[in-house]
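Worksheet for the structure shown next.
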Amino acid sequence: MTVSDQRYLELLSQQFPTSSSAAAEIINLSAILNLPKGTEFYASDIHGEYESFSHVLRNASGSIRLKIDEVFASRLSEAEKKSLATLIYYPKEKMRIELAAAEDPKAWYADAISKLITVCRHVGRKYTRSKVRKAFPKDFQYVVEELLTENRYDEDKEAYYHSIGEAVIRTGSAEGLIEALCLAIQNLAIDQLHIVGDIFDRGPAPHTIMDMLIKHPSVDIQWGNHDIVWMGAAVGQWGCIAHVVRNCSRYGNLSILEDAYGINILPLAGWAKRAYENDPCVAFGLKGNPQLTDEEHQVSVKIQKAMAIIQFKVEGQLIDRYPSFDMQDRKLLHHIDHEKGTITLDGVEYELTDKEFPTVDPANPYQLTEDEERVMARLEQAFKGSEKLQRHVAFLLEAGSLYKICNGCLLVHACVPLNADGTPKEVDVFGKRCKGRELYQVLENYIRAAFKDPDSERRRRGQDLIWWLWLGDGSPLFAKSKMATFENYFVNDKAARKEDKNPFYKMLDNEDVIKGIFREFDMDPETSRIVCGHVPVKVKDGEDPIKCNGRVLTIDGGFSKAYQPTTGIAGYTLISNSYGFILASHEPFESAQAAVENEQDICSTRQVVEQVEKRTLVCDTDKGAQLQQQIDDLKRLMTAYREGTIPERE
């Protein structure tokens, strides 16, 4: 036994001080290995659409309703099943309605608890008692465990179980127990939640989604480009701040900054109104149909243009600071002919759709005015000082990463950058050229350095690299040749606006290329999968999200309302359970209020991607491999006890 092995086993012996305690844990872990694999749930590109995404989680993409059908079959009517499903999804709201109409509230409590216990028992049957118990608040763990293990045919304990139910109602605990049962059913229906990027931007409530994810018992996040730019804003990077504010104003969502994150934009609004007072901002109409007053609409338009111009200036300075980013072609302000109202791009002269540039000095177009400097300094202070935003970003750092390998699936938000021939694309990261898995690892190290590195220069590089990840060619989160923000605002010609996708997207059905990616990430090329989002799947045009014979699954189905006309649906979720993979596509969701009052559920279509011949057990998963390693270590500890190299302790 090596010295390091000896030290490790001595540490392990502190947790399992005797042979019998080690043996008991081996028995426990061995039993867990033979349970069915827990359900994994994948979603991407949520983009602030809290209500629809929340509902999909609450109903587990229709899985909970299927469980109700399985358990009760013909014992309940269709109306009773809908009512029970709504109670599970929205326990507080549904209870309020039901109790207001109930002639005998105690009878309603007893009936609801009985039904929920039945569903909970069915949903939790593939988990250990310990896991099910931990799904409940401590105050209810004893009661629920007794009710879940109730034997209906045990006459000796019939009065015992009946008295538990009566006591719950008598002590005023029924509503708390019902809510706990409903939340436990939701959580047990999804064992692991994977968010494959883009929680932020476009929709009105990314902050509420973040609050929900923080409370979720088991979630991991692969950062998307819209997440990373908010992370950059939170750390004070000016290019990221300019985008975040511009995008919030573009979608009429400035309330996210003010009300959700406490970021004061009044100084910005006052300055924008003065600086662009006589400017109609014709190219800066708002996206979607935000419910704003006329004055709010006008302020949002002016803020949008003001921040767009600041963004172009700040980005020009960043491009000059980092030649290795290779983005000189994205400095465009100096190409404007202010007298003619045109811009020349790649040798072609285009008329500008908006010819007003009151804050741009043609002789020094990338220089911020004194007012712009003051505005950005105040915004930096506000973003860095937002307690809630800092808490959300801390969670993104804790639960998130640029990529994740889990149970044979490579989870990436956008792409693995490729060359035109399908080989991994090399990217210069501050003088170090890297590609494939190494590129992801180097980039992630810099992202984390942006927040924590004691070296101020490395911290600044990390912060500016976060901006590059948002819009740079070669970024695995952006996956396009350019971010045509300027052209989209100021040039009508679609040819000038074109953003070429990384070759990755042209090769999603090329088995040799996809297998090469798996080998690059040390994965089995015959059995692995890629799960990604970022680019909306045009379902209405016949595009299939399942690529390369099921080896690639692209799951951006348009949770964002802005993209639903493009996709024709309202989001995808991917479900991996012990029987295989299921892809669920969702129809638009009216509202949580309609779901509660009218018992409206999201209409979801489920498609089997793969059905396994042999049910997948825990021992077949990454978690199973970890548990098996623990078993092997415990066996080594028992050998050390038996041989006397480590003494047992009573």
Taking the ring of Tyr90 and the ring of His55, is the distance between their centroids below 6.0 Å? yes
Decide, yes or no, whether a salt bridge links Arg551 with Glu511 under the criterion of side-chain N to carboxylate O below 4.0 Å. no
Using the test side-chain hydrogen bond (donor to acceptor under 3.5 Å, both in side chains), find all partners of Thr2 that sit at least two apart in sequence or belong to another chain. Ser4, Asp5
With a 6.0 Å cut-off on ring centres, are Phe200 and His207 close enough? no
Passes ring pair (Phe, Tyr, Trp, His ring centres under 6.0 Å), Trp468 versus Tyr446? Steps please. CA-CA 12 Å; Trp468 174 85; Tyr446 269 107; over 10 Å; no
Are the ring centres of His47 and His226 closer than 6.0 Å? yes
Any donor-acceptor pair under 3.5 Å linking the side-chain atoms of His534 with those of Asp45? no
Hey, could you give me each pair passing salt bridge (charged side-chain N to carboxylate O under 4.0 Å, His left out) that has a residue in residues 185-194? Not counting sequence neighbours. Lys131-Asp191
Glu526: partners by salt bridge (charged side-chain N to carboxylate O under 4.0 Å, His left out), with sequence neighbours left out: Lys515
Going by the rule side-chain hydrogen bond (donor to acceptor under 3.5 Å, both in side chains), which residues pair with Asp464 if we only count those two or more places apart in sequence or in a different chain? Gln237, Arg321, Tyr322
Could you work out, with side chain to side chain contact (heavy atoms under 4.5 Å, CB included) as the rule, every residue matching Gln626, not counting sequence neighbours? Lys623
Salt-bridge present (Arg65, Asp69; N to O < 4.0 Å): yes
May I ask you to decide if Ser13's main-chain N or O and Arg649's side chain share a donor-acceptor pair within less than 3.5 Å? yes
Do Arg636 and Tyr641 form a cation-pi contact, if we require the NZ or CZ to be under 6.0 Å from the six-membered ring centre and within 45 degrees of the ring's axis? no
The salt bridge (charged side-chain N to carboxylate O under 4.0 Å, His left out) partners of Lys547 (sequence neighbours excluded) come to Glu543
